[in-house]
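Notes follow the structure.
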There are 2 protein chains.
Amino acid sequence: MRKKVLDVAEEAFQARGYHASSMGDLMATAGVTGGALHHHFPTKKALALAVIEERVAAAVEETWIAPMRMAPSAREGVRSVFAAVAAELEQQGFVRGCPLNNLAHELSLADPDFRIALAGIFSTWRQAIADKISADQQAGRELGADPQRFAALAVASYSGAMSMAKTAQDASVLRDCLMALEQGVMSSKAGTRRRSRILHRAL
Amino acid sequence: MRKKVLDVAEEAFQARGYHASSMGDLMATAGVTGGALHHHFPTKKALALAVIEERVAAAVEETWIAPMRMAPSAREGVRSVFAAVAAELEQQGFVRGCPLNNLAHELSLADPDFRIALAGIFSTWRQAIADKISADQQAGRELGADPQRFAALAVASYSGAMSMAKTAQDASVLRDCLMALEQGVMSSKAGTRRRSRILHRAL
DNA sequence: TGTAAAACAGGATGACTGTCCTGTTTTGGA
DNA sequence: TCCAAAACAGGACAGTCATCCTGTTTTACA
């Protein structure tokens, strides 16, 4: 029952957003009564918090972190995730966007509890990529860039590309971004120490 | 009066979102009566559409497109915009996010009219960057990457970085992304034909 | 079997929502 | 000056919202 409610809420928050999803709709589509819902989740906020912590975090883990751990390298991991998501989106024909980003935009400023929960997911996501890059470097493999910075760029470009894909209802921008990353950042000979230091001072 | 309503609506949609902003609140803070508001904007949707077309588009033009046109090169333009936004956010102490992305996430799936209006802004934004890159290339300047792809990456990484910054309430991720871009994509010797072709086939 | 707690049913409630309607005032052109 | 149209005032309207309440059923354990 609790699981059923979470399933419906996850789907609804993803498809229509938090504010646009009414408790009445959730009750109806989940087939639960008001009392039952109120028993497991006293408030709408509690329900959303559970969705974030139990479902959104799991989705990021499944889509990004686990594939990243299993990939032969950070570069291959990023490439395979981008490609897999793009393929999946094109197959299903429409783009609902990234669950984390969808909720992050709507709820980050609405409530501090939401914001902290969402920020934590972003943080572990970025850290997982950074760890993989560090592991690559210690194993003597390429990618001379700073792990934290490249991880930030990977997360940001994916998130932004999903935003654009959702708005355009076209996943091809994901491939464009991946190719731009491949041609540049993820190539082994990228970057110069000189430029890096100049930039550091400029910022 | 119409301007006043748009001012308040722009601010409210940006700070609290579309669904979380009630017409009553807008009327109160704008100091207009229901009749006046209904005269200029028959429905809430019409008001939001006006905000998107008149204000959000203008914000993107002012923040990104105009600086991009005036920049000596695409690379310099991207760098200066990232740096300027990061500096502005750190000065004001909090991050409200990108107006376009905020509304895009909430409204893209809610209504086709919203989605098309927002997609158009994304498109002109991306095209402005791509045009600048093409101009650079025709002027014999560096940046061998595909203009459309790099433009997509610039928009996506900025949008995603703003999402992360908004969620973390910390603008430093913008600098991280810019540095990663600088070290990789925006360096003149980036990328290899070989890898590029392999990738093309894989996707 | 007995019993206390958890799980659930189903509706009541009051606040709030977006929209629209009927008047009144202001404006701009003839 | 006259008049039609635009601009605005102020509130009514029906509907929806999240929350909470009082009972009833099921479960878990002794």
Side-chain angles (χ1 to χ4, degrees), chain A residues 1-56 102-103 106-115 117-118, chain B residues 1-56 102-103 106-115 117-118:
Chain A
M1 177 111 323
R2 198 187 112 100
K3 179 185 179 309
K4 178 73 177 174
V5 173
L6 280 176
D7 288 341
V8 171
E10 178 187 10
E11 161 73 21
F13 290 165
Q14 168 83 334
R16 289 179 286 278
Y18 174 81
H19 286 105
S21 301
S22 77
M23 296 294 264
D25 290 345
L26 299 182
M27 283 165 44
T29 58
V32 299
T33 56
L37 205 166
H38 182 258
H39 172 73
H40 294 288
F41 309 102
T43 65
K44 191 182 183 183
K45 172 180 170 178
L47 172 58
L49 230 36
V51 168
I52 292 172
E53 287 162 0
E54 298 176 29
R55 302 305 182 92
V56 176
N102 288 346
L103 289 183
E106 187 175 6
L107 302 179
S108 283
L109 299 185
D111 189 293
D113 296 328
F114 285 145
R115 192 185 69 76
L118 294 160
Chain B
M1 176 107 328
R2 199 186 113 99
K3 179 184 178 311
K4 177 74 178 174
V5 173
L6 279 177
D7 288 342
V8 170
E10 179 187 9
E11 160 74 20
F13 291 165
Q14 167 84 333
R16 288 180 288 279
Y18 174 81
H19 286 104
S21 301
S22 77
M23 297 295 263
D25 290 346
L26 299 183
M27 282 165 46
T29 57
V32 298
T33 57
L37 204 166
H38 182 258
H39 171 75
H40 293 287
F41 309 101
T43 65
K44 192 182 182 183
K45 172 180 171 178
L47 172 57
L49 231 37
V51 168
I52 291 171
E53 287 162 0
E54 299 178 29
R55 300 305 180 92
V56 175
N102 288 346
L103 289 184
E106 189 177 3
L107 301 179
S108 283
L109 300 185
D111 191 291
D113 296 327
F114 286 146
R115 192 184 71 74
L118 293 160

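Throughout, a chain's letter reflects where its sequence line sits, starting with A, and its residues are numbered from 1. What you are looking at is a predicted structure, and each value in this text was computed from that prediction instead of being measured.
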Whole-Å distance between dC8(C) C1' and K3(A) NZ?
19 Å
Whole angstroms only, please: what is the CE-C1' distance between M1(A) and dA7(C)?
9 Å
Return the value, rounded to whole Å, for the distance between atom CE of M27(A) and atom P of dT16(D).
14 Å
Sub-4.5 Å side-chain heavy-atom contact between R55(A) and Q14(A)
no
To the nearest 0.5 Å, atom CZ of F41(B) lies from atom CG of L6(B) at 4.0 Å
Which pairs of donor and acceptor atoms, one on a side chain in residues 29-39 of chain A, lie under 3.5 Å apart (sequence neighbours left out)?
residue: T29(A); atom: OG1; partner: D25(A); partner atom: O; Å: 3.1
residue: T29(A); atom: OG1; partner: L26(A); partner atom: O; Å: 3.4

Starting at the 5' end of DNA chain D and moving along, which residue's nearest nucleotide shows up first, R2(B) or A20(A)?
R2(B)
Spacing of M23(A) atom CE relative to dA9(C) atom P, expressed in whole Å
15 Å
What is the separation between atom CG on D25(B) and atom P on dA15(C), rounded to the nearest whole Å?
16 Å
To the nearest angstrom, how far is L47(B) atom CG from dT17(C) atom C1'?
15 Å
Among residues 29-46 of chain A, which ones have heavy-atom contacts with DNA chain C below 4.0 Å?
T33(A), G34(A), G35(A), A36(A), H39(A), H40(A)
So CE of M23(A) and OG1 of T43(A): to nearest 0.5 Å the spacing works out to 7.0 Å
Applying side-chain contact (heavy atoms from CB on, under 4.5 Å), run through H40(A) and L47(A) and close with a yes or a no.
CA-CA 8 Å; H40(A) 294 288; L47(A) 172 58; over 6 Å; no
Contact between Y18(B) and K44(B) at the side-chain level, heavy atoms closer than 4.5 Å - yes or no?
yes
